[in-house]
Amino acid sequence: MSAPELSGREAIAPGLFTETADGPRLIGSRCRGCGVVTFPRQKSCAQCTSTDVEEHLLARRGALWSWTVQRFRPKTPPYAGPAGDGFEPYGVGYVELPGECRVEAILTEADPERLQIGMPMELTLLPAPNASGDEAVTFGFRPLAEEER
Amino acid sequence: MSEDVAIVGAGLHPFGRHEGVSGLDMAAVAARAALADASLRWEDVQFAAGGSDAAGNADTSVSVLGLTGIPFINVRNGCATGGSALTTAHAMILAGEADVALVVGFDKHPPGAFNPLPEDWGIGSWYGETGLMLTTQFFAMKIQRYMELYGISRETLAKVASKAFTNGSRNEDAWRRRPLSVDEVLGAQMVNDPLTQYMFCSPGEGAAALVLARGSRAREIATDPVYLRSVAFRTRKFGSFEVFSPSIPVEDGVPPTTEAARAAFEEAGVGPEDIQVAQLQDTESGAEVMHLAETGLCEHGEQEELIAAGVTEIDGRLPVNTDGGCLANGEPIGASGLRQVVEVVRQLRGRAGERQVPGEPRVGFTHVYGAPGVSACTVLAR
């Protein structure tokens with residue numbers, strides 16, 4: 001599911017994700033030597049030290065590997081989110097993309113009762129203010145509903 | 001085993017909040033306490049190493065201690081600052097560069113969670129802007145997964161914290177000295193699920209120092225030296241789950257804690273089963289649970305039962321964090337690793353007062369862990 005209302009806004013950083021006909025994809029890298037996949041893109045391989053790595057678009061779906069809820073507002077800098085009463089707790093998790101890597105991301109769900117290790121998740125885009133105070137777009141994962149799985 | 005290196009003096013500046021006292025002042029207090037403990041003068045020290053994460057350069061303290069011209073190496077290595085300083089001094093003695101060395105670690109952090117900048121850790125600024133640059137999240141997610149895999153309960157996490165504050169109440173150098181019940185810990189404000197406020201340590205202030213001597217000189221200096229049987233320092237290998245990781249591999253690797261602990265035990269020629277008192281990095285109570293197994297002091301999943309049986313309490317078979325750990329002492333990054341060694345030295349000398357481990361323990365162990373995946377371990381013995 002893409003988020004058309006976010007189109008046209010600037011990405012929180014270049015090179016993290018791209019929008020495709022099937023929805024957003026994270027831009028990682030894959031080692032041509034040993035096959036290790038990382039996110040974000042790296043210029044060398046952390047496993048075999050090779051510098052022969054290629055761009056690799058990551059799978060959009062995976063399973064929640066672990067999670068927490070960020071209940072207090074992180075300090076600024078570096079956090080650029082809403083100040084004071086505008087802060088809302090948010091979910092954070094690692095999503096395991098099968099055979100690729102586990103990606104850390106904001107989750108669209110912050111209710112601990114509705115988060116469970118192993119649950120299926122899908123990449124989505126989210127609004128996120130950047131350090132200049134502009135509304136930008138970042139990536140996150142959302143739980144897949146029963147009928148979407 | 002190579003030639004012995006002994007600890008002949010140990011000193012602290014109390015941990016906590018000390019308004020108007022700089023980190024360097026605390027370092028000098030700890031250094032003088034360690035020298036007094038060894039009945040040595042600063043002029044007797046031939047080599048020094050030390051550092052802080054956020055409170056200045058250790059060698060600046062020579063202007064307070066005295067300008068004796070000795071080589072003094074500044075270390076700034078995150079949570080492994082103390083361990084790295086100790087590793088350096090140990091190696092310098094073995095290399096024949098000095099017979100007597102001093103190591104010091106200190107720090108002074110403002111209240112609230114640490115706010116490192118992603119650029120300093122090789123990550124894009126987006127990681128911090130979007131709210132992912134928090135050590136607390138890492139620890140929460142690591143224990144969350146661990147609880148699911150190994151059947152660790154929230155009650156066990158609360159018992160670890162409650163034990164820390166009970167031990168801290170018996171330690172006059174500790175910051176948090178009010179005992180807290182398991183229910184108080186469980187009922188405290190949730191910070192990062194599954195961890196409540198009292199399950200986390202807080203950034204704080206303090207200093208710790210040690211005087212080291214070549215083994216052949218230790219008996220002249222001290223009546224009860226404690227031998228540094230080994231000190232091992234490791235960084236992360238591929239596949240271990242570490243703080244500030246935008247992604248991790250799908251294959252699990254061996255954590256730096258396990259690598260450092262194995263190396264420390266091997267060099268010392270003892271096994272985890274020989275340890276009679278241990279200080280483990282307890283940034284939060286889940287960390288103590290996981291580090292118990294990562295260091296080899298127990299099997300993964302065994303903690304639920306061991307902690308329920310009181311094994312890690314002061315009168316248990318394997319007392320852990322007898323001084324209250326980071327939970328009761330707070331986390332001045334540069335000081336914590338050496339605080340642990342100071343505590344084991346006190347325990348092995350039978351000088352730990354109200355919190356003394358019974359049975360005259362002879363062998364102890366320390367372990368620190370920190371960002372971005374570093375660990376240092378020691379084995380200490382009378």
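Naming: A, B, ... by sequence-line order, numbering from 1 per chain. When reading the values below, keep in mind they use all heavy atoms of this one structure, side chains included, and skip hydrogens, waters and symmetry mates.
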If you count heavy-atom pairs under 4.5 Å between each of B:Met133, B:Gln189, B:Glu251, B:Met190 and chain A, which one has the most?
B:Met190
CD/B:Glu148 to CH2/A:Trp65 distance, rounded to the nearest 0.5 angstrom?
11.5 Å
Taking atom CG as the centre, does A:Asp85 end up with more than 12 heavy-atom neighbours from other residues, nucleotides or ligands that are less than 6.0 angstrom away?
no
Angle between ring planes, B:Trp126 versus A:Phe139, binned at 30° and 60°: parallel, tilted or perpendicular?
tilted
Of the listed residues (B:Ser245, B:Gly124, B:Ser125), which shares the most heavy-atom pairs with chain A below a 4.5 Å separation?
B:Ser245
Is A:Ala131 close to chain B through its backbone or its side chain, or both, or neither, when contacts mean heavy atoms under 4.5 Å?
both
Work out which heavy atom in B:Glu242 is nearest to a heavy atom in A:Tyr94; give both atom names and the distance.
O-OH, 4.4 Å
Between A:Asn130 (side chain only) and B:Glu129 (backbone N and O only), is there a donor and an acceptor less than 3.5 Å apart?
no
Atom CD of residue position A:Glu135 - does it have more than 12 heavy atoms of other residues, nucleotides or ligands inside 6.0 Å?
yes
Under 4.5 Å from any heavy atom of chain B, what part of A:Ala105 do you find: side chain, backbone, both or neither?
backbone
Minimum heavy-atom distance B:Leu132-A:Val92, with the two atoms named:
CD2-CG1, 3.8 Å
To check you understand the geometry: which heavy-atom pair defines the closest contact between A:Trp67 and B:Gln144, and what is its length?
O-NE2, 2.9 Å
List the atom of A:Val69, the atom of B:Asp193, and the distance in Å for their closest heavy-atom pair.
CB-OD1, 3.2 Å
Return the CZ to OG1 distance between B:Arg145 and A:Thr68, rounded to the nearest 0.5 Å.
15.0 Å
Residue part contacting chain A, namely of B:Tyr146, when any heavy atom lies under 4.5 Å
neither
Please report, to 0.1 Å, the donor-acceptor pairs under 3.5 Å made by any side chain of residues 196-203 of chain B, with sequence neighbours excluded.
residue  : atom : partner  : partner atom : Å
B:Thr196 : OG1  : B:Val185 : O            : 2.8
B:Ser202 : OG   : B:Arg176 : NH2          : 3.1

Between B:Lys237, B:Lys142, B:Met141, B:Glu119, which shows the greatest number of heavy-atom pairs under 4.5 Å with chain A?
B:Met141
With A:Glu147, which residues qualify under salt bridge (charged side-chain N to carboxylate O under 4.0 Å, His left out), at least two apart?
none
Tell me whether B:Glu299 at atom CD has more than 12 heavy atoms from other residues, nucleotides or ligands lying less than 6.0 Å away.
no
Using a 4.5 angstrom heavy-atom cutoff, name the option from A:Ser66, A:Gly118, A:Ala80 with the most pairs to chain B.
A:Ser66
Set out, in order, the CA-CA distance, both residues' side-chain angles and the distance that settles side chain to side chain contact (heavy atoms under 4.5 Å, CB included) for B:Ile248 and A:Glu104, then state yes or no.
CA-CA 8 Å; B:Ile248 52 174; A:Glu104 185 183 18; over 6 Å; no
Would you please name every residue forming a salt bridge (charged side-chain N to carboxylate O under 4.0 Å, His left out) with B:Glu304, sequence neighbours left out?
none
Rounded to the nearest 0.5 Å, how far does CD of A:Glu100 lie from OG of B:Ser247?
10.5 Å
If you count heavy-atom pairs under 4.5 Å with chain A, which of B:Ala140, B:Pro194, B:Gly131, B:Gly239 comes out on top?
B:Gly131
Contact part of B:Leu134 toward chain A, heavy-atom cut-off under 4.5 Å: side chain, backbone, both or neither?
side chain
Taking atom OG1 of B:Thr130 and atom CD1 of A:Ile12, what is their separation to the nearest 0.5 Å?
6.5 Å
Most chain B-contacting option - heavy-atom pairs closer than 4.5 Å, from A:Glu96, A:Gln70, A:Arg73:
A:Gln70
For chain B, find its close neighbours in residues 109-117 of chain A: heavy-atom separation under 4.5 Å, sorted by number, or none.
A:Pro112, A:Ile117
Any idea which of B:Leu195, B:Ile143, B:Ile123, B:Asp252 has the most non-hydrogen atom pairs under 4.5 angstrom with chain A?
B:Asp252
Any idea which of B:Pro118, B:Gly253, B:Pro246, B:Pro249 has the most non-hydrogen atom pairs under 4.5 angstrom with chain A?
B:Pro246
